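Structure record follows, encoded as structure tokens.
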Amino acid sequence: MPEADVKELKSFYTEIPQKTEGFFLKGCGSLDWGMKNRMARIFNPLSGRTVMLAFDHGYFQGPTTGLERIDITILPLIPYADTLMLTRGILRSIIPASANKAIVLRASGGPSILKEMSEEEIAVDIDDCIRLNVCAMAVQVFIGGEFEKQSVMNMTKLVDLGTRYGIPTLAVTAVGKDMARDARYFRLATRMCAELGAHYIKSYYVEEGFETVTACCPVPIVVAGGKKIPELDALKMAYNAVQQGASGVDMGRNIFQSDSPTAMIQAVRAVVHDNETPDKAYDLYNTLKNRNEKSR
Ligand code: R5P
């Protein structure tokens, strides 16, 4: 008889009920295990937030300032990011598989900046997402754009495909040049994406009423950094966003176009994960920047 079957040696802890743990992310409690596991790699379970380093800009605008040589400018930042948002071309050609970071893969594309941007299609097969072990697929959604419906359908198709295999979809709300960037617009865009199945949403921060955007979106929101602004202002934006309900940042240019990208990403982390104030995080930025300059 195997030793495991000898009852006297077993501990069943009959007096202790089995723990049934909830899931730490807003609106994600009913997801399947694989989805939750991937979301828990993107979002830090301790803070409930993420610092996503976005460098997928080349998918529509080529070698963006700061991304001309990703091997030189981005690889040193990877240790400080929770998640990398990028294209499969850059993932395979430059990012070491041993980096072991959550990957959010750019999954839509087509038009360049020279054309109508909203005419994107799904640009990656689900098989390749599985092969690359991605934690989520990112798709641009152009609410109010010329090809609004096509972009929404791209998203719902990805949600369906990802659901088959436990891969979440990140809906990226894209704002056209002539469109209003206000809370009313982002309430509409983020809520539509969530209602149609996106597992989390990327929005922009707005000064007025951002807390209403996060309040009425049933799943986590992360904010894009947008165009490069002074470091202190970018830290204030990240701070205000997380204090008003965002679950982190998906930040690119305000990190990799900073005077000191490694200092900036660490300052952003302090704001996002440790609730550090913008002024203190800016002090940290300057301290790290000076240290880096001295060690050169
Ligand atoms: C742009 O279309 C990409 O989705 C970027 O990942 C996103 O805009 C975040 O980058 P940034 O902080 O530079 O706006």
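Positions are given from 1 along the sequence. Note that the structure is a prediction, hence the values are computed from the model and not measured. For ligands, and for the atoms within them, numbers begin at 1 and follow the listed sequence.
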Heavy-atom pair of closest approach, residues Thr262 and Pro76: CG2-O, 4.0 Å
Structural part of Phe60 in contact with ligand 1, heavy atom criterion under 4.0 angstrom: side chain
Donor + acceptor pair across side chains of Gln140, Ser108 (<3.5 Å): no
pair Asn240-Phe210: side-chain heavy atoms closer than 4.5 Å: no
Atoms in ligand 1 flagged as close to Met251, the criterion being non-hydrogen separation under 4.0 Å: 12 (O)
Side chain, backbone, both or neither: the part of Lys227 lying under 4.0 Å from ligand 1 by heavy atom: neither
Heavy atom of Asp250, distance to ligand 1 below 4.0 Å: yes
Gly226: numbered ligand 1 atoms lying under 4.0 Å from its heavy atoms: 11 (P), 12 (O), 13 (O), 14 (O)
Atom 7 (C) of ligand 1: the protein heavy-atom neighbour that sits closest, reported with distance to 0.1 Å: Lys202 NZ, 2.7 Å
Within-cut-off N or O pair, Asp56 and ligand 1, under 3.5 Å: yes
Atoms in ligand 1 with a heavy atom of Arg253 nearer than 4.0 Å: 11 (P), 12 (O), 13 (O), 14 (O)
Heavy-atom neighbours of Glu148 CD exceed 12 at 6.0 Å: yes
Identity and distance of the protein heavy atom lying nearest atom 10 (O) of ligand 1: His57 NE2, 3.1 Å
For Ala54, the ligand 1 atoms whose distance to one of its heavy atoms is below 4.0 Å: 6 (O), 9 (C), 10 (O)
Enumerated ligand 1 atoms positioned under 4.0 Å from heavy atoms of Arg106: 4 (O)
Evaluation steps, salt bridge (charged side-chain N to carboxylate O under 4.0 Å, His left out), between Asp128 and Arg131: CA-CA 5 Å; Asp128 212 25; Arg131 205 174 286 122; 2.6 Å; yes
Phe43 ring center near Phe24 ring center (under 6.0 Å): no
Sole residue of Leu25, Asp250, Val104 in side-chain contact (heavy atoms from CB on, under 4.5 Å) with Tyr200: Val104
Gly252 N/O under 3.5 Å from ligand 1 N/O: yes
Enumerated ligand 1 atoms positioned under 4.0 Å from heavy atoms of Gln140: 2 (O)
Side-chain heavy atoms of Phe142 within contact of Glu116, under 4.5 Å: no
Derivation and outcome, salt bridge (charged side-chain N to carboxylate O under 4.0 Å, His left out), residues Lys149 and Glu146: CA-CA 8 Å; Lys149 181 181 164 193; Glu146 193 174 336; over 6 Å; no
